[in-house]
Amino acid sequence: MKLTILGGGGFRVPLVYGALLGDRGEGRVTEVVLHDLDAGRLSAVTRVLAEQAAQAVDAPTVTATTDLDEALRGADFVFSAIRVGGLEGRANDERVALAEGVLGQETVGAGGIAYGLRTVPVAVDIAQRVARLAPDAWVINFTNPAGLVTEAMSRHLGDRVIGICDSPVGLGRRIARVLGGNPKEAWIDYVGLNHLGWVRGLHIAGRDELPRLLADPDLLGSFEEGKLFGVDWLQSLGAIPNEYLHYYYFNREAVRAYQQAEKTRGAFLRDQQAHFYEEMRDPDAHALAAWDRTRAEREATYMAENRETAGAGERDADDLSGGYEKVALALMRAIARDERTTLILNVRNQGTLSVLDTDAVIEVPCLVDANGAHPVSVAPLPDHATGLVCAVKAVEREVLSAAESGSRTTAVKAFALHPLVDSVNVARRLVEGYKAAHPGLAYLK
Ligand code: G6P
Ligand code: MN
């Protein structure tokens, strides 16, 4: 079984490889091909993987290449985790937005639109190459903004591209844990778009336990989302939102905190990761140890500004490992070996949410087997959530259309229609600012 990782020089690749090392079953991945545009990053990550493999038996072989077509040929699975424009691009997404007083987060608001506009053309090119060179491959998309990018790729790959994210899994795990249940045995009633979903119920042994949590302020205030959103607001909503909804519900505070921060998240990661890749140029460096230290710091500071505005304190130790590599592995196992399971994934709607069309990619629990991911039926969203989901999906569609036509006017429309961009004039200036900051947006005319 051959797995090709696009963005193979990326910092989180060792997480995926670590998950593969723990898989001893028949039909597991035996061959990993890393693809990246940057040979230096590839060699740094290859060193970390080699140290991981040295501690294991029968580790999958690892090869690295900067030739995309060569990497794709013969792949059974393609894992896409690229970052168009690098972390410098992410920092610029934040800077330009914050200067206009709006959010520049990589997946939410103006920053997510800018990142989407430069990522979609690259993702579409990859999808077309996969369709040509590895038509039977399954593509697992982790590239953010994951819902939008998955939808762009699905126009060329249909249901063979599946988007993943670890935040709904983490959320379900935290809720099950505070309720004293086993996360593996819980049924999580979650739906929305990527980074824009709500848990409306959590069933253990056939009973919805969420009302018990919502009725108990102590329990509700004891975990990440309770601290972030506050007990009162969760009780008002009657649901537990994905952590990324903090950027919507507490937008003003989040924008101010990011404006005041010494460094934005993107700028922090740009410098932190540059340091790691620099360290890897020393042939005597302990690659795995340096990587692990950097990873721990990254995880501990995740959404730090949001937590600070809410007075939420440090992250729980249990929350420090995101676990997206586990989602990716479970998905590959289910497909390759028909090990049927349920995972929250980004797939085409196919009638699941009646307010969206069939091809809209949504985030929803899916049954996964050798035939792919099948969304399960869920109860409709409440009106407030439907409003946000429809507004953001409409923005995503404008991004896809701007990426296809190269129309700057359509790009302005995408920014202007976003609920977190408060003026058409701001949208116009954002397009100017982003075009000046990103060579990858030169196609917008
Ligand atoms: C969460 C999100 C991912 C994101 C990751 C890392 O797991 O679901 O989409 O890539 O956090 O965020 P960071 O700010 O550390 O890059
Ligand atoms: Mn995510």
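Every number for a ligand or one of its atoms is a count from 1 in the order of the listing. It should be emphasised that the depicted structure is a prediction, and the values quoted were computed from it without experimental measurement. Throughout, numbering of the chain's residues begins at 1 and tracks the sequence. Hydrogens, waters and symmetry mates are skipped; everything else that's a heavy atom, side chains included, is used.
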Less than 4.0 Å between a side-chain N and a carboxylate O, is that true for Asp36 and Arg83? no
Measure from NZ or CZ of Arg177 to the centre of the six-membered ring of Phe223 and say whether it is under 6.0 Å with the direction within 45° of the ring axis. no
Lys/Arg-Asp/Glu bridge criterion (N-O < 4.0 Å) met for Glu100, Arg429: yes
Near the Mn ion (ligand 2), meaning under 2.8 Å, how many protein N/O/S atoms are there? 2
Which bit of Tyr244 is near ligand 1, meaning a heavy atom under 4.0 Å away: side chain, backbone, both or neither? side chain
One residue to check: Tyr324. Relative to ligand 1, which of side chain, backbone, both or neither has a non-hydrogen atom less than 4.0 Å away? neither
Quick check: does any side chain N or O of Gln259 sit under 3.5 Å from a backbone N or O of Leu98, one acting as donor and the other as acceptor? yes
Which of the numbered atoms in ligand 1 are below 4.0 angstrom from a heavy atom of Asp166? 1 (C), 2 (C), 7 (O), 8 (O)
Just distances here: any N/O of Arg12 and N/O of ligand 1 closer than 3.5 Å? yes
Those atoms of ligand 1 less than 4.0 Å from some heavy atom in Arg265: 13 (P), 14 (O), 15 (O)
Between the CG atom in Asn346 and the CD1 atom in Ile162, the distance rounded to the nearest 0.5 Å is 10.0 Å
Quick check on Glu314: does its CD atom have over 12 non-hydrogen neighbours (other residues, nucleotides or ligands) under 6.0 Å away? no
What side-chain donor-acceptor pairs closer than 3.5 Å can you find for residues 178-185, not counting sequence neighbours?
{"from": "Asn182", "atom 1": "OD1", "to": "Lys184", "atom 2": "N", "distance (Å)": "2.9"}
{"from": "Asn182", "atom 1": "ND2", "to": "Glu185", "atom 2": "OE2", "distance (Å)": "3.4"}

Just to verify, which of Glu88, Arg118, Glu106, Gln105 counts as forming a side-chain contact (heavy atoms from CB on, under 4.5 Å) with Asp93? Arg118
Going by the atom numbers of ligand 1, which of them fall below 4.0 Å from some non-hydrogen atom of Arg90? 13 (P), 14 (O), 16 (O)
Quick one: do Asp316 and Lys227 make a salt bridge, cutoff under 4.0 Å? yes
Check contact between His195 and ligand 1, using heavy atoms of the residue and a distance below 4.0 angstrom. yes
Please report whether ligand 1 has a polar contact with Arg298, defined as an N or O pair separated by less than 3.5 Å (distance criterion only). yes
I'd like to know if Arg174 and Glu225 make a salt bridge, using a cut-off of under 4.0 Å between side-chain N and carboxylate O. yes
Which bit of Thr107 gets closer than 4.0 Å to ligand 1, counting heavy atoms only: side chain, backbone, both or neither? neither
Looking at Cys165, which atoms of ligand 1 are within less than 4.0 Å of one of its heavy atoms? 8 (O)
At what distance, to the nearest 0.5 angstrom, does CG of Asp369 lie from CZ of Arg337? 15.0 Å
